[in-house]
Amino acid sequence: ESHFVLQQRYVDCSRLPDCSLIDRLINSSIYWKGILWRKNRRLTMEGEQAIIDCDSTKGPFSMRFHRDWSPHGYDRAVELYEKNFFDDSDFFRAVPNFLVQFGITYSEDPAVRELMHAEIPDDPQLNPPVKFEVGAMSFAGSGPNSRTSQMFINYNAANSALGENPWETPFGMVEHGMDNVKNFYSYGDMPPWGKGPNQNKLYNGPSYINDNFPLIDKMKTCHVKRIQANDEGYSVDNAKQGEVVLDGSGSEQDTEENSKSKRDSKVDDDWKDGDEDSDQDSGDK
């Protein structure tokens with residue numbers, strides 16, 4: 001199923017007798033704003049979106065979140081970024097050809113820290129579901145309705161098992177800077193499947209990472225810009241004025257064949273996936 005955005009309006013290509021009409025209009029020098037073509041990805045213009053611009057120790061990257069994809073997940077994710085939850089936190093689980101996971105805050109604000117334990121309900125998968133392309137983002141979890149603050153960014157489009165668990169509902173995509181995200185330093189997967197950090201020890205503060213895993217990359221700061229849908233298209237929901245045009249740029253699909261991508265891809269908050277050579281079931285929090 002393919003969709004595109006035309007003049008900031010949602011159009012279902014399946015309802016047009018001939019989608020090539022669009023090409024003919026473009027070729028005849030008719031200027032259409034906000035054209036976005038993405039195959040096999042659901043994108044509507046009916047719900048709120050948010051653009052999250054972040055800086056990290058590897059450089060900047062930008063994400064776009066879609067409330068239509070996962071309403072509860074979107075609301076929690078935007079809340080976390082607006083409350084600076086991730087500032088100075090660690091990308092503690094970076095596994096090449098799999099994913100990078102993060103979401104343990106070092107904030108001393110009790111209200112912010114509480115979000116690490118405040119669970120939200122699962123969202124139903126869309127039909128058709130949003131695919132876990134390279135750059136797709138979802139919360140981690142350890143069972144139904146267990147999402148809190150930990151999230152991951154997919155590194156490999158071949159991680160076909162992602163999305164099988166009820167908490168793995170994509171809420172956004174990395175749109176720019178995916179090369180920086182893929183370069184986050186890796187000490188390997190978490191114990192017992194690798195020699196990377198034990199995330200349970202991060203809850204006591206940054207000294208565990210700083211003393212034992214000094215090369216781990218960190219988030220610096222992020223800026224959130226909400227975008228509201230209205231009858232005429234999208235408008236930026238802040239003091240700034242201007243037109244928002246979806247450019248459709250995203251990271252390229254990772255087509256490299258690698259046996260590492262065949263692992264059990266369940267992603268949980270505490271004990272996640274198996275090592276690179278064997279499948280492991282995920283444990284509970």
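Quick note: residue numbers are just sequence positions, from 1.
- The aromatic rings of Phe65 and Phe171 lie perpendicular to each other, with more than 60° between the two planes, well past the 30° mark.
- Salt-bridge formation is not detected for the pair Asp53/Lys225: no Lys NZ or Arg NE/NH1/NH2 atom is positioned less than 4.0 Å from an Asp or Glu carboxylate oxygen.
- At least one donor-acceptor pair closer than 3.5 Å links the side chain of Ser186 to the backbone N or O of Ala94.
- From Arg226, atom CZ reaches atom OH of Tyr81 across 13.5 Å, with rounding to the nearest 0.5 Å.
- Between His72 and the options Asp123, Asn145, Asp122, a side chain to side chain donor-acceptor pair (under 3.5 Å) holds for only Asp123.
- Side-chain N or O atoms of Tyr203 include none that pairs as donor or acceptor with a backbone N or O of Ile104 at under 3.5 Å.
- Checked by atom type and distance alone, the side chain of Tyr155 pairs as donor or acceptor with a backbone atom of Val181 at under 3.5 Å.
- The backbone N or O of Phe85 lies less than 3.5 Å from no partner atom in the side chain of Ser107, so there is not a single donor-acceptor pair.
- For the pair Phe213/Asp90, no side-chain contact is recorded, criterion being any heavy-atom separation below 4.5 Å from C-beta on.
- Heavy-atom minimum distance, Asp87 versus Thr221: OD1-CA, 3.6 Å.
- Distance alone, capped at 3.5 Å, is enough to place a donor-acceptor pair between the Arg147 side chain and the Pro121 backbone.
- In this structure, Tyr187 and Tyr185 have perpendicular ring planes: the angle between them is above 60°, well past the 30° mark.
- Contact record, His117 with Arg113: CD2-O, 3.9 Å, taken as the closest heavy-atom pair.
- Annotation: side chain of Arg93 is in contact with side chain of Leu99 (closest heavy-atom distance under 4.5 Å).
- Here the closest non-hydrogen pair linking Ser56 and Phe61 is CB-CE2, 4.1 Å.
- Taking the side chain as every heavy atom from C-beta outward, Leu80 and Phe86 approach each other to under 4.5 Å.
- Looking at heavy atoms from C-beta onward, Val130 lies out of side-chain contact with His66 at the 4.5 angstrom threshold.
- Two residues are said to be in side-chain contact when any heavy atoms from C-beta on lie closer than 4.5 Å; Arg64 and Ile227 meet this criterion.
- You'll find the side chain of Pro197 reaches within 4.5 Å of the side chain of Ile209, heavy atoms only.
- In this structure, Phe91 and Lys58 have side chains that are not in contact, with every pair of non-hydrogen atoms separated by 4.5 Å or more.
- Judged by distance alone, the side chain of Asp189 and the main-chain N or O of Gly194 form no donor-acceptor pair under 3.5 Å.
- Counting all heavy atoms, side chain and backbone alike, Met151 lies closest to Ala77 at CE-CB, 4.1 Å.
- Contact between Arg76 and Leu115 at its shortest, heavy atoms only, is NH1-O, 3.6 Å.
- At distances below 3.5 Å, not a single donor-acceptor pair connects side-chain atoms of Gln101 with backbone N or O atoms of Val95.
- A distance of 3.5 Å separates OG1 in Thr57 from CG in Asp217, rounded to the nearest 0.5 Å.
- The environment of Asp179 atom CG is sparse: at most 12 non-hydrogen atoms of other residues, nucleotides or ligands sit within 6.0 angstrom.
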Exercise for the section: For side-chain contact (heavy atoms from CB on, under 4.5 Å), just list the numbers for Lys182 and Val134, CA-CA rounded to whole Å, side-chain angles, deciding distance to a tenth of an Å, and then say yes or no. Expected result: CA-CA 10 Å; Lys182 281 191 169 185; Val134 174; 3.9 Å; yes
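- A salt bridge between Lys218 and Asp88 is absent, with no side-chain N of the basic residue lying under 4.0 Å from a carboxylate O of the acidic one.
- Met137 has its side chain within reach of Ile153: a pair of non-hydrogen atoms, C-beta onward, lies under 4.5 Å apart.
- Listed by first and then second residue, the disulfide (SG to SG under 2.5 Å) pairs involving residues 48-93 are Cys54-Cys222 (not counting sequence neighbours).
- A ring-centre distance under 6.0 Å is not found for Phe102 and Phe184.
- Across all their heavy atoms, Gln125 and Asn165 have their closest contact at NE2-O, 4.2 Å.
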